[in-house]
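A short worksheet on the structure shown next.
A note on names: the letters A, B, ... follow the listed sequences, proteins ahead of strands, and every chain is numbered from 1.
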Amino acid sequence: MPELPEVETTVAGLRAVLAGRVLTRVEPRRADLRFPIPVDLRQRLTGARVTALSRRAKYGLVETDRGDMMIFHLGMSGRWRIAPADIGAHDHLLIETEGGLLLSLNDPRRFGSVDLVRSDAWQAYAPFTRMGPEPLGPDFSASTLARALDGKTASIKTALLDQRVVAGLGNIYVCEALNMAGIAPTRPAGRISRARLVLLVDAIREVLTAAIAAGGSTLRDYARPDGELGYFSKQWRVYGREGENCACGGTIQRRIDGGRSTFHCPRCQR
DNA sequence: CTGACGCCCTGCAAGC
DNA sequence: TGCTTGCAGGGCGTCA
């Protein structure tokens, strides 16, 4: 499922085909995603030129020369298909560029979303207003993390999934980072030593960077926009590896926290 | 404010 | 073979 590295990879793929191009056709085919695609999306984007693409947390941002910004979220199963061979029931938004290249936002589960804001006010977009720092940015450090976790009694696993603490992590990379840092997922978030937070920040940065370099993970229905699969899933240390050996020699276990699977090694994560 | 939980949706895999 | 069941989980709403 798309977490930060997958969105980063997706945006890079889209940038290659959209940056500087005029959108000649914008066609929502099914508007009822997580929330409705804005009714004026077609009118506002058709004929506009894409000026920049970027990412905030798990959201992709597409700016145009009309001062509009399309903001998309891939939810659980969303992906952009480039030059799809066929259009099916799950292709919810079609975009064609000058030159005739067709793109499709495909999302079987429809947990994703597409929205439109003014570029100069994108930071006021509701999902962004209380969001924590980018984990790969300069505002994420052991100090800022300590402040965000101060007094929290919830587990560190739960806390790291809270986008207000740090933005863009999902279940996979939280499990991976906690294993890399040697921290038990059940440990109360507010009771982690500064030394271990330093390790955790490093682990988060390292796992995200490695995943981006590998082109993101592949889990069932995720694929890069160009159709190539991401290979980071082969590098998972604990995620999806219940019963297998951890690098430390321990046995990886799976538990449920807040209804979500947590993979960890009780031997080296304490 | 916090934490716990349910819900949205569909495809896939396991089990009977 | 064909059915049912459970699972995947991001983000948001509700509730105590």
Side-chain angles (χ1 to χ4, degrees), chain A residues 1-11 29-37 55-61 71-81 86 88-93 104-115 125-132 134-135 147-178 185-191 204 208 211 216-223 229-230 232-233 236 238-243 253-264:
Chain A
M1 27 249 49
E3 298 182 30
L4 186 154
E6 289 72 33
V7 180
E8 183 74 25
T9 305
T10 293
V11 167
R29 300 181 69 243
R30 177 163 187 166
D32 58 332
L33 306 187
R34 178 177 192 84
F35 48 80
I37 295 176
R55 177 192 59 74
R56 171 71 170 122
K58 300 172 192 172
Y59 292 81
L61 315 177
I71 301 180
F72 67 86
H73 193 292
L74 298 174
M76 292 287 302
S77 57
R79 60 182 178 142
W80 282 96
R81 305 167 70 205
D86 48 64
H90 303 312
D91 292 294
H92 306 310
L93 173 64
S104 168
L105 178 62
N106 183 283
D107 185 5
R109 273 165 272 188
R110 309 207 317 278
F111 277 21
S113 62
V114 177
D115 216 337
Y125 187 54
F128 296 155
T129 55
R130 295 188 176 179
M131 198 169 261
E134 284 290 323
R147 210 168 305 138
L149 298 180
D150 184 42
K152 274 193 180 290
T153 58
S155 73
I156 186 64
K157 164 77 190 307
T158 302
L160 291 177
L161 288 174
D162 185 343
Q163 303 296 297
R164 294 169 298 184
V165 171
V166 56
L169 297 185
N171 204 36
I172 295 172
Y173 296 108
V174 166
C175 290
E176 293 297 301
L178 286 173
T186 50
R187 184 170 278 268
R191 300 202 178 183
I204 289 169
L208 294 179
S217 296
T218 299
L219 203 54
R220 295 208 173 90
D221 38 25
Y222 176 75
L229 299 180
F232 190 71
S233 60
W236 289 340
V238 290
Y239 191 86
R241 306 181 71 133
E242 180 182 15
Q253 295 187 6
R254 174 177 176 264
R255 47 173 287 125
I256 304 294
D257 294 305
R260 286 183 191 161
S261 288
T262 302
F263 295 89
H264 68 111

On the nucleotide B:dG11, are OP1 or OP2 found under 4.0 Å from the side-chain N or O atoms that A:His90 carries?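 Yes, such a contact exists.
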
Need to verify one output field. Residue with the more 5' nearest nucleotide on DNA chain C, A:His73 or A:Phe263?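 Counting from the 5' end, the first nearest nucleotide belongs to A:Phe263.
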
Heavy atoms under 4.0 Å, any strand shown: does A:Ser113 hit a base, just sugar-phosphate, or nothing?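 Answer is nothing: A:Ser113 stays at 4.0 Å or more from every strand.
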
Answer with base, sugar-phosphate or nothing: what part of the nucleic acid does A:Arg110 contact at a heavy-atom distance below 4.0 Å?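 Answer is sugar-phosphate: A:Arg110 comes under 4.0 Å of backbone atoms only.
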
Between [atom2] of [N] and [atom1] of [X], the distance in whole Å:
X: A:Asn171; N: C:dG10; atom1: CG; atom2: P; answer: 6 Å
X: A:Asp91; N: B:dT10; atom1: CG; atom2: P; answer: 15 Å
X: A:Leu33; N: C:dG11; atom1: CG; atom2: P; answer: 15 Å
X: A:Lys157; N: B:dA4; atom1: NZ; atom2: P; answer: 12 Å
X: A:Arg130; N: C:dG13; atom1: CZ; atom2: P; answer: 12 Å
X: A:Met76; N: B:dC12; atom1: CE; atom2: C1'; answer: 13 Å
X: A:Asp257; N: B:dG6; atom1: CG; atom2: C1'; answer: 17 Å

So which nucleotide from [options] ends up closest to the side chain of [X]?
X: A:Arg254; options: C:dC7, B:dT10, C:dG10; answer: C:dC7
X: A:Thr153; options: C:dG11, B:dG3, B:dT10; answer: B:dG3
X: A:Arg109; options: B:dT10, C:dG10, C:dC12; answer: B:dT10

Going by atom types alone, do A:Thr262 and A:Arg255 pair a side-chain donor with an acceptor below 3.5 Å?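 No pair is found: no donor N or O on one side chain lies under 3.5 Å from an acceptor on the other.
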
Which residues pass the side chain to side chain donor-acceptor pair (under 3.5 Å) test with A:Arg191, not counting sequence neighbours?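 So A:Arg191 forms no side chain to side chain donor-acceptor pair (under 3.5 Å) with any residue.
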
With sequence neighbours left out, what residues match A:Asp162 under side chain to side chain donor-acceptor pair (under 3.5 Å)?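 Only A:Arg164 meet the side chain to side chain donor-acceptor pair (under 3.5 Å) criterion with A:Asp162.
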
Can you check whether any acceptor in the base of C:dG11 is under 3.5 Å from a donor in the side chain of A:Arg260, or vice versa?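 Side chain to base: pair present.
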
Can A:Phe111 be said to stack with the base of C:dG11, given centres closer than 5.5 angstrom and planes under 30 degrees apart?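 A:Phe111 vs C:dG11: stacking no.
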
Ion pair present between A:Lys152 and A:Asp150, side-chain N to carboxylate O less than 4.0 angstrom?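 Looking at A:Lys152 and A:Asp150, the cut-off is not met.
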
Do A:Asp91 and A:Arg29 make a side-chain contact, defined as non-hydrogen atoms from C-beta onward lying under 4.5 Å apart?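 SC-SC contact between A:Asp91 and A:Arg29 confirmed.
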
Starting at the 5' end of DNA chain B, which residue's closest nucleotide do you reach first, A:Arg34 or A:Thr158?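 Nearer the 5' end of the strand: A:Thr158.
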
